[in-house]
Amino acid sequence: MIQQRLEKIINSVFQEGVESGVWSDKAAHKYSVEVPKREGQGDYSTNIAMVMAGIEKKNPREIAALVIERLEKEEIIEKLEIAGPGFVNIFLKPKVWQDVLQLVSDAGADFGKSTVGKGKKVMVEFVSANPTGPLSIGHGRQAILGDSIARLLEATGHSVYREYYFNDAGRQMRVLGQSTRARYLELLGKEAQFPEDGYQGEYIKDIAQSLIDEKGDSLVENDDVLPFTEKAVELIFKDISDTLKSMGITFDNYFNEHTLYDDGHIDSVVKELRDKGLVYEKDDATWFKTTEFGHEQDRVIIKKTGEPTYRLPDIAYHREKFRRNFDWLVNVLGSDHIATVPDVLAGVKALGYDSDKITVVLHQFVTLTRDGKQVKMSTRKATFVTVDELLELVGQDVLRFYFMMRKADSQLDFDLDLATSQEKENPIYYVQYGHARICSILRRAQDMEIKIKAPTDADLSLLQEPEELQLLKRIASFPAAVESAALDLAPHRSIFFLMELAGDWHSYYNKHKVIDPENVDQAVTDARLCLITALQQVFKNGLEMLGLTAPEKM
RNA sequence: GGUCCUGUAGCUCAGUAGGAUAGAGCACUAGAUUCCUAAUCUAGGUGUCGCGCGUUCGAAUCGCGCCAGGAUCACCA
């Protein structure tokens, strides 16, 4: 916002220099304006002089002096200096920062949102777990990561569509049905053969029990596994969507792999690939020439048995995504899918679609620590911890926050002992408390019948304490922080912004009083109330944008 | 063996298009509340940024080669 303004100014200074022949335009788009890490190095800093000096083989500090000469007349700039190897440090007038409060007040709940997405249609596909059991901790990470990405994209002006892709057919479903049937028979006191690779979780017994409640023993003589599978899928799916809902997650569409078969998409993909000479038969199977796309080996797409491998429907599915006219396809996947990604990309490329429109966010695994030891997890053996269990332990906010805190590329260590016994150490309370603290002050103001003035009616120039300027700058950087987190599909950056915001605020709170009955300077109080009102808005927007609550009391 | 991810403080991790003296939380120590919620704040850090070489004004960041950990490499999904 303010940075963009400054970038424009620097660009025009650069352009001026080019036109008057002071330097060439070779450095165009190579320099940058950024916020220095260290205090005292300006509100912003640009490396333009060093970049130009490198290209023009001149002294950077001399060029910096020329840049400064041209910048000096700018109204928003208070002070300029040359520093270090040739940085131009720019100090802005406090008014520039103070005026931010008006912007927040005008935008309200929209402050931080933007339109950079230009209404681009983007599909975010995530979770996509097949209905074989409750969502595990790994699915939980993915659900929250995908959902927060979707939320950030919405906040930045994208038109977002959330989709869940699932398959309720095939071998794993047969095993699920067999497992359920075995439990059903066991519960009725009959002999039963539990499948060797069956699903051992307790939830299978619950499903069997509900079949007994509904139909009694009428299925005992039934050799058909289908009614068991159907019931299991129905109940597990209900369980999954309930879990998702309790994390605050909903989908626009659940896409069933079946429809790809029913509507002939599978066949037509094979035909199209065959017409392009990218498919051949070998050993009674049908192969896709992925080597044409630089892969090590070709892959089977239709097995000997006539059944497609997962690759084929995956490719057909992505073609359907393209056909539905999305501008951008974001796939959030676990790192165990790493090997499947190139095949799908090769497939859509072969079908003539632009695979660059697909962005895959692969997240690394979640490891679970209990009693200081790592827990091994498996759905089959039911040794996993479910999302439901975690939700019960720590609640939605903590779970969301914890899973958003790390970048997708990092493995995430979920320490159960920490989550259960030391909840207060969780940084989300630090952020939420920041919001609650403001609410508390505003309640106090109301009790004292102090009216909160609009930024235009208060003397904002009284906000001159370093901590106040720091807060104003942080508030001003919120929209850019959201934008960068959204476009880079990196929700953890928003989390870090909120923690920094809370840090600034808690420090300020401890050093300065907003309402001070003993030392009444009404004008200062008014200005500070304006400040914290804006701050409250930023906390609220930031938290809610990520699906977190902004409590008014804690 | 191939591909991908990771390696930064005792622990868990940030570090966006390469920038100035590498950061935060936790833990630990010492302090702060007659006063807007102490779920807070203040002070306390000798880190081979896994190792080496290269690119350049400048590297945790880019390139190459190693080392270590994880994922994955089916006619399972």
Side-chain angles (χ1 to χ4, degrees), chain A residues 29-30 32 34 36-38 41 45 47 50-51 53-54 60 83-87 89 128-130 132 167 170-172 197 257 282-287 295-297 299-311 313-314 334-342 362-365 367 405-413 415 418 422-434 436-445 447-448 480-481 484-485 487-488 490 492-493 495-496 499-500 502-503 505-519 525 528 532 553-554:
Chain A
H29 310 298
K30 294 205 171 138
S32 64
E34 53 193 37
K37 284 186 198 142
R38 207 157 282 275
Q41 295 176 342
S45 168
N47 60 357
M50 287 183 296
V51 171
F87 288 103
N89 291 345
S128 297
N130 287 339
T132 58
N167 175 13
R171 209 187 79 87
Q172 48 170 352
D197 53 354
E257 191 180 326
K282 194 182 94 185
D283 304 333
D284 294 331
T286 304
W287 296 70
H295 299 189
E296 268 178 42
Q297 46 187 309
R299 298 290 183 180
V300 170
I301 49 171
I302 299 176
K303 300 185 247 178
K304 249 181 226 168
T305 58
E307 272 178 299
T309 63
Y310 70 90
R311 286 182 197 94
D314 256 18
S335 64
D336 53 335
H337 284 72
I338 180 76
T340 76
V341 172
L362 279 176
H363 70 268
Q364 296 294 312
F365 275 19
T367 55
M405 223 163 51
R406 309 259 141 90
K407 62 181 175 203
D409 283 341
S410 294
Q411 279 187 23
L412 194 154
D413 182 47
D415 187 336
L418 193 80
Q422 294 172 280
E423 280 182 42
K424 279 186 186 165
E425 280 151 34
N426 200 308
I428 187 180
Y429 296 115
Y430 185 74
V431 175
Q432 289 183 322
Y433 183 49
R437 206 167 215 183
I438 294 170
C439 294
S440 163
I441 296 173
L442 294 178
R443 278 194 298 271
R444 170 87 185 256
D447 290 346
M448 294 171 69
S484 114
L487 297 180
D488 291 345
H492 75 280
R493 268 190 234 155
I495 294 287
F496 278 87
M499 291 201 280
E500 281 162 2
W505 159 234
H506 287 310
S507 288
Y508 175 65
Y509 174 91
N510 274 273
K511 198 159 174 190
H512 303 286
K513 302 214 58 143
V514 176
I515 301 170
D516 189 352
E518 284 173 26
N519 185 11
T525 299
R528 289 183 175 174
I532 69 164
K553 263 186 190 167
M554 283 176 78

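Note that the structure is a prediction, hence the values are computed from the model and not measured. Protein chains get the first letters and strands the later ones, always in sequence-line order, with residue 1 at the start of each.
The side-chain contact (heavy atoms from CB on, under 4.5 Å) check on A:R443 picks up A:C439, A:S440, A:E552, A:K553, with sequence neighbours excluded. The side-chain contact (heavy atoms from CB on, under 4.5 Å) test applied to A:D516 returns A:K513, A:E518, A:N519, not counting sequence neighbours. Taking A:E296 as the reference, nothing meets the side-chain hydrogen bond (donor to acceptor under 3.5 Å, both in side chains) condition, with sequence neighbours excluded. In terms of the side-chain hydrogen bond (donor to acceptor under 3.5 Å, both in side chains) criterion, A:Y430 has no residue partners (sequence neighbours excluded). A:S335 meets the side-chain hydrogen bond (donor to acceptor under 3.5 Å, both in side chains) test with no other residue; sequence neighbours excluded. A:A490 is linked by a side-chain contact (heavy atoms from CB on, under 4.5 Å) to A:D488, A:H492, A:R493, counting only residues two or more places apart in sequence or in another chain. Listed by chain and number, the residues in a side-chain hydrogen bond (donor to acceptor under 3.5 Å, both in side chains) with A:Q364 amount to none (sequence neighbours excluded). Qualifying ring-ring contact (aromatic ring centres under 6.0 Å, His included) partners for A:F496, counting only residues two or more places apart in sequence or in other chains: none. Residues passing the ring-ring contact (aromatic ring centres under 6.0 Å, His included) test with A:F365: none are found, sequence neighbours excluded.
For B:rC36, the OP1/OP2 oxygens have no side-chain nitrogen or oxygen of A:Y508 closer than 4.0 Å. At the phosphate of B:rA77, OP1 or OP2 sits under 4.0 Å from a side-chain N or O atom of A:K303. At the phosphate of B:rU42, OP1 or OP2 sits under 4.0 Å from a side-chain N or O atom of A:S507. Look at A:H492 and you'll find a side-chain N or O under 4.0 angstrom from OP1 or OP2 of B:rG15.
Remark: RNA chain B takes part in the stems B:1-7 with B:67-73, B:10-13 with B:23-26, B:28-32 with B:40-44, B:50-54 with B:62-66, each of 3 or more antiparallel Watson-Crick or G-U pairs, criterion distances under 3.5 Å.
With B:rG19, B:rA14, B:rU72 as the candidates, the nucleotide lying closest to the side chain of A:A339 is B:rU72. In this structure, the nucleotide among B:rA71, B:rA60, B:rC41 sitting nearest to the side chain of A:S335 is B:rA71. Taking the side chain of A:Y509 as heavy atoms from C-beta on, and the options B:rU16, B:rC76, B:rA38, the nearest nucleotide is B:rA38.
Put simply, the side chain of A:D336 and the base of B:rA77 share no donor and acceptor less than 3.5 Å apart.
Look at CZ on A:R311: it is 8 Å from P on B:rA74, rounded to the nearest Å.
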Extract from the structure each pairing of a protein N or O with an N or O of nucleotides 55-57 of chain B at less than 3.5 Å, listing the distance.
none

**Report entry** Where protein sits on nucleotides 1-7 of chain B, one letter per nucleotide: B base, S sugar-phosphate only, - none, heavy atoms under 4.0 Å
**Finding:** -S-SSS-
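In this entry the base of B:rA60 is anti relative to its sugar, with a glycosidic angle more than 90° from 0.
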